Amino acid sequence: MPSSVQILGTGQLIELSRRLRTAGGPRLRQNTARRIRRAAEPLQRDLQRAIRTVQLPGPGRTVRGGPSPTARPLRATLAGAVRISVRQGASPGARVWVDRGRLPEDLRNMPWVIENGRVRHPVFGNRRRWATQWARPTGWWSRTVQAGTPRMRAEVERILGDVRRDLQ
């Protein structure tokens with residue numbers, strides 16, 4: 001189930017955050033935050049690409065229907081809600097997450113529904129007729145996070161080493 005990916009709270013990040021506050025100044029803090037954000041951007045792009053490429057084949061139509069009642073593209077809307085946040089306070093780190101506030105009201109749970117693989121919805125808004133679609137491949141969030149987290153973690157560790165050398 002998609003939630004968020006976080007690289008935070010490690011002893012190195014906390015210790016480095018304290019040292020940045022005392023010695024580095026705002027420029028070094030901004031530089032570190034920018035670099036950590038850049039380390040998380042490939043995972044964000046991979047997640048956006050993964051949701052855009054999930055297939056939701058329909059069961060097929062028996063009668064020709066009209067256009068979709070909504071003009072918004074589903075996958076692009078969901079991809080636009082994948083965000084990054086970088087914190088430098090008490091629990092410093094980077095987080096890649098799905099911002100439910102950026103999704104329309106009726107799509108707030110859709111990333112989790114697609115993650116599980118089964119999408120059940122009314123046919124063109126008709127609540128008396130329902131269709132089931134199966135997302136292929138399932139696990140768009142968990143598979144992508146599992147593949148991208150080691151790269152993100154290694155990049156953050158490299159950044160921490162660089163900043164530590166700058167502070168010495």
Side-chain angles (χ1 to χ4, degrees), residues 1-10 13 29-61 64-89 91-127 129-160 162:
M1 219 170 173
S3 58
S4 65
V5 183
Q6 299 180 34
I7 306 291
L8 57 92
T10 63
L13 279 174
R29 281 197 307 268
Q30 289 171 353
N31 186 24
T32 304
R34 180 175 38 83
R35 290 179 66 192
I36 290 175
R37 176 176 291 281
R38 283 189 183 160
E41 284 173 355
L43 181 58
Q44 179 192 27
R45 280 193 304 271
D46 290 348
L47 285 166
Q48 289 173 337
R49 187 177 313 115
I51 191 62
R52 283 188 179 112
T53 58
V54 168
Q55 295 178 6
L56 288 169
R61 293 184 183 172
R64 290 181 61 78
S68 171
T70 62
R72 64 177 184 256
L74 173 68
R75 291 174 200 88
T77 302
L78 297 177
V82 177
R83 311 236 353 240
I84 300 173
S85 62
V86 176
R87 291 184 312 279
Q88 295 182 356
S91 61
R95 179 178 173 214
V96 180
W97 53 294
V98 175
D99 185 0
R100 290 176 53 154
R102 289 185 131 195
L103 293 173
E105 186 72 30
D106 59 337
L107 295 180
R108 296 267 162 95
N109 290 328
M110 191 56 71
W112 293 269
V113 170
I114 293 175
E115 168 77 6
N116 293 330
R118 181 176 179 244
V119 180
R120 188 161 160 74
H121 61 89
V123 176
F124 293 108
N126 180 358
R127 303 204 57 85
R129 176 127 188 228
W130 288 74
T132 301
Q133 292 178 270
W134 297 94
R136 290 187 224 146
T138 59
W140 71 273
W141 178 271
S142 54
R143 288 180 191 213
T144 308
V145 166
Q146 188 176 17
T149 301
R151 178 182 58 199
M152 183 175 155
R153 189 177 301 275
E155 182 66 20
V156 169
E157 287 176 8
R158 189 179 68 77
I159 292 166
L160 292 177
D162 292 348

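Please read all numbers here as calculations on a predicted model, not as lab measurements.
Under the side-chain contact (heavy atoms from CB on, under 4.5 Å) test applied with Leu43, the options Ile84, Val82, Val96 reduce to a single match, Val96.
Here the shortest heavy-atom pairing between Pro137 and Val54 reads O-CG2, 4.3 Å. Between Gln146 and Pro150 the shortest heavy-atom distance is O-CD, 3.4 Å. Considering every non-hydrogen atom in both Glu155 and Ala39, the closest pair reads CG-CB, 3.2 Å. The heavy-atom pair separating Gly80 from Arg102 by the smallest distance is O-NH1, 3.0 Å. Looking at every heavy atom in both residues, Ala135 comes nearest to Thr138 through O-CG2, 3.4 Å. Nearest heavy atom pair, residue Met152 against residue Ala94, reads CE-CB, 3.8 Å.
Using a 4.5 Å heavy-atom cutoff, the side chains of Trp140 and Leu47 are in contact. Looking only at side-chain heavy atoms (C-beta outward), Arg75 and Leu56 come within less than 4.5 Å of each other. Side-chain atoms of Asp99 and Trp97, non-hydrogen and from C-beta on, do get closer than 4.5 Å to each other. With a 4.5 Å cut-off on side-chain heavy atoms, Asp46 and Arg151 count as touching. Using a 4.5 Å heavy-atom threshold, the side chains of Arg153 and Val156 count as separate. Inter-residue side-chain proximity for Leu103 and Leu78 is flagged as met; some heavy-atom pair is nearer than 4.5 Å. The shortest distance between side-chain heavy atoms of Pro111 and Trp141 does not fall below 4.5 Å. With contacts defined as side-chain heavy-atom distances shorter than 4.5 Å, the pair Asp162/Arg35 qualifies.
Of the inter-residue distances, the one linking His121 atom NE2 with Asp106 atom CG reads 12.0 Å to the nearest 0.5 angstrom. With rounding to the nearest 0.5 angstrom, the OG1 atom of Thr77 is 10.0 Å from the CZ atom of Arg52. Interatomic distance, CD1 of Ile36 versus OG of Ser85, reported as 11.5 Å (0.5 Å rounding). Taking CZ of Arg49 as the start and OG1 of Thr53 as the end, the distance is 8.5 Å to the nearest 0.5 Å. Residue Glu115 holds its CD atom at 8.5 Å from OG1 of Thr144, rounded to the nearest 0.5 Å.
By the neighbour-count criterion of 12 heavy atoms within 6.0 Å, atom CZ of Arg127 is sparsely surrounded, having that number or fewer from other residues, nucleotides or ligands.
A distance-only check finds no donor-acceptor pair linking the side chain of Asn126 to the backbone of Pro122 [under 3.5 Å]. With hydrogens and angles ignored, the 3.5 Å screen pairs no side-chain donor or acceptor of Gln55 with any backbone N or O of Arg136. In this structure, Arg108 contributes its side chain and Arg100 its backbone to a donor-acceptor pair below 3.5 Å.
A salt bridge is absent between Glu41 and Arg38; no separation between the charged side-chain nitrogens and carboxylate oxygens falls under 4.0 Å.
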